[in-house]
Amino acid sequence: MDFGFKLSPSSAVNLDTVDHRRFDRLAQLVPDALTCIGCGSCSATCTASAWTGMSVRKVLLGLQRGQDAEVDKMLSGCMLCGKCTMVCPRGINTRQLILTLCRLDKKGEMVR
Amino acid sequence: MVNRQPIIAVIGAGIAGLEAASQLAALGYKPVLIEKAPVVGGHVAEWNRLFPDMTPAEDVLQPLLAGTAKVRTLLNTEISAINRLKDEYNLILSDGSSLLCQAVLFATGFHLFDASKKEEYGYGIYDRVITNRDLEQWFNSRQDARIDKPRAVGFVHCVGSRDLKAGNPQCSKVCCITAIKQAIEMKEEFPDAEIYCFYMDLRLFGKKYEDFYIRAQRDYGIHFIRGRISEVGEAIDNRVVVKAEDTLSGKPVKVTLDLLVLMAGIVCNPDAQQYAREIGVAVDEDGFLKSRNNLAAITDSSRPGVFFAGACTGAKTVPETLAEARSAALAIHNYFNSRG
Ligand SMILES: Cc1cc2nc3c(=O)[nH]c(=O)nc-3n(C[C@H](O)[C@H](O)[C@H](O)COP(=O)(O)OP(=O)(O)OC[C@H]3O[C@@H](n4cnc5c(N)ncnc54)[C@H](O)[C@@H]3O)c2cc1C
Ligand code: SF4
Ligand code: SF4
Ligand code: SF4
């Protein structure tokens, strides 16, 4: 039935129920993933960012906020050029981080 | 030979007062420590381990106690009135006696912000909401029914600091690093707990502080969420539900916690303001005592013969307080030398 309006799902993130298995596994394999300070240097330097929305910062945050679909969409826009690794002030090997992440499924299992 | 017998009233026997008195005594003066509390040591005596090296607070206090063992120390003593004479100050003490001195050193420290004033955080209302001071006391005593094997712990930065509505626009400076220290200590104590820090900015200015932060992230997996908790509610099982905006993702977040620790800030001590007024010493807009010059003469007041050391002029760390106390002792020494 059409009521003439629809309810939008809440955009609130409930940290009690967020599944962070994929992030936890990533943090085991690339511990530096934990040290991101959200400075945005990676996204600012990324050539793909403007066209595909790729952002290492948002990927890391999205993984901890249960936004898997958005994360995978962003990852698919990365061309692995490695520019982001050159600028990260925390020295995170972001390119390796992206590659590692692409091999993990939602549950954090190594599938590739 | 300079006259080294002048009496110096040191008001407050926290680490600032103790260090200054010990240096003044070593220089040959007669400091008198006036302490309101039944014990010396001030706030540091309430803490357990100190950032950035996790030094036991005891280790800082012991040498100060040794250095002041021979200094006349009046405990449980307040000042009822203080009068300025020509070159001297006369203090009427709470026991009715009076003390005539040739210089006064304020080492009256700070007050911890009363967290129950921020009602939205529920301190004094919800059982599982405690303060940074309560947590230090738990580290010392291990006795607090509110801390019972928590599985989720949150820390709220800037409670009563950087808050115009609370009357304190200033940053308390030590609470970001204290939150990180306490978060690490809680994770060590309860390794399975998820620990969240809700911050507005992280201000980690001091030597080794950033290293501490990186360790909290990488080695302890503390979650840092940029956003100020807007409200705290109690769930049916006594746990607390907190809401904030994760400003980095622009989304509201909600989490249920077994313990919420409020990082109460450093605010001025109203006693110091009152004494200052009685002898015409300037008080700053933030309520702390006002130095003659914030760059070059931080230990000088607006009046000759009256000096400051430590947190009575604003938030200070332990090394800053101790350095200032030594500097104040030297300023007092120079003051008497210049008068011949
Ligand atoms: C939660 C917390 C944790 C901290 N942890 C650390 C840390 O780990 N490392 C670090 O470097 N710094 C730390 N600090 C900062 C540290 O506590 C201060 O640097 C230090 O206490 C300043 O010493 P003070 O002597 O100036 O003041 P205080 O410690 O406040 O001492 C003032 C003294 O004056 C007395 N007094 C006050 N009014 C009167 C009066 N009217 N008459 C007589 N006596 C009076 C008081 O009773 C007290 O003994 C922390 C601060 C907080 C809030
Ligand atoms: S590696 Fe990917 S995310 Fe990094 S700069 Fe290149 S395209 Fe952007
Ligand atoms: S550059 Fe590094 S620290 Fe900055 S947001 Fe990107 S990954 Fe995080
Ligand atoms: S030190 Fe940190 S927690 Fe304390 S008032 Fe400043 S910004 Fe807030």
Side-chain angles (χ1 to χ4, degrees), chain A residues 8-44 49 53-71 73-74 88-94 96-97 100 108, chain B residues 150-154 176 180 183-184 187 191-204 209-227 229-231 233 235 237 239-258 260:
Chain A
S8 341
S10 164
S11 69
V13 177
N14 185 346
L15 294 175
D16 299 342
T17 51
V18 159
D19 181 354
H20 40 73
R21 284 177 293 179
R22 195 180 183 193
F23 182 75
D24 290 347
R25 186 82 183 106
L26 174 70
Q28 272 174 6
L29 299 167
V30 187
D32 283 349
L34 290 163
T35 65
C36 172
I37 44 174
C39 70
S41 302
C42 48
S43 336
S49 162
M54 172 58 188
S55 157
V56 181
R57 174 183 84 76
K58 286 189 189 164
V59 162
L60 285 170
L61 194 62
L63 284 171
Q64 298 172 76
R65 301 287 184 266
Q67 294 158 338
D68 270 285
E70 289 92 328
V71 165
K73 187 170 166 292
M74 280 190 271
C88 176
R90 283 292 212 220
I92 305 172
N93 189 341
T94 46
Q96 191 216 341
L97 182 151
T100 310
Chain B
R151 281 167 294 139
V153 182
C176 272
I180 289 178
I184 289 179
K187 187 76 182 178
D192 296 330
E194 296 293 343
I195 308 218
Y196 304 89
C197 284
F198 291 89
Y199 67 94
M200 302 206 281
D201 293 299
L202 283 176
R203 299 190 163 176
L204 300 162
Y209 293 9
E210 191 73 12
D211 305 343
F212 225 60
Y213 174 31
I214 297 178
R215 275 176 52 211
Q217 289 181 305
R218 191 179 43 212
D219 304 342
Y220 293 90
I222 314 277
H223 308 289
F224 288 90
I225 299 180
R226 180 162 160 273
I229 288 186
S230 62
E231 60 178 273
D237 55 1
R239 301 174 80 204
V240 287
V241 182
V242 308
K243 287 184 187 164
E245 188 196 3
D246 171 22
T247 60
L248 291 178
S249 66
K251 291 194 189 321
V253 291
K254 186 181 118 178
V255 63
T256 313
L257 303 169
D258 300 297
L260 185 66

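In the text below, chain A, chain B and the rest are named by the order of the sequence lines, each starting its count at 1. This one's a predicted model, so the numbers in the text were calculated from it and none came from an experiment.
Nearest heavy atom pair, residue A:A27 against residue A:L34, reads CB-CG, 3.9 Å. Heavy-atom minimum distance, A:L97 versus A:A33: CD1-CB, 3.7 Å. The minimum heavy-atom distance between B:L260 and B:V240, with the atom names listed, is CB-CG2, 4.2 Å.
Side-chain contact between B:I225 and A:L15: present, with at least one pair of heavy atoms (C-beta onward) separated by less than 4.5 Å.
Judged as a side-chain contact (heavy atoms from CB on, under 4.5 Å), and not counting sequence neighbours, the contacts of B:A244 are B:F198, B:I229, B:V253. In this structure B:A183 satisfies the side-chain contact (heavy atoms from CB on, under 4.5 Å) test together with B:F155, B:I195, B:C197, B:I222, sequence neighbours excluded.
Interface summary for chain B: among A:P31, A:G38, A:G40, the most heavy-atom pairs under 4.5 angstrom belong to A:P31.
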Geometric donor-acceptor pairs, no angle filter, chain A-chain B, under 3.5 Å:
residue	atom	partner	partner atom	Å
A:V13	N	B:P252	O	2.7
A:V13	O	B:K254	N	2.9
A:L15	N	B:K254	O	2.8
A:D16	OD1	B:T256	N	2.7
A:D16	OD2	B:T256	N	3.3
A:D16	OD2	B:T256	OG1	2.3
A:D32	OD1	B:R218	NH1	3.4
A:C36	O	B:Q217	NE2	3.1
A:R57	NH1	B:L248	O	3.3
A:R65	NE	B:D246	OD2	2.7
A:R65	NH2	B:D246	OD2	3.4
A:R90	NH1	B:E210	OE2	2.8
A:R90	NH2	B:E210	OE2	3.3
A:R90	NH2	B:Q217	OE1	3.2

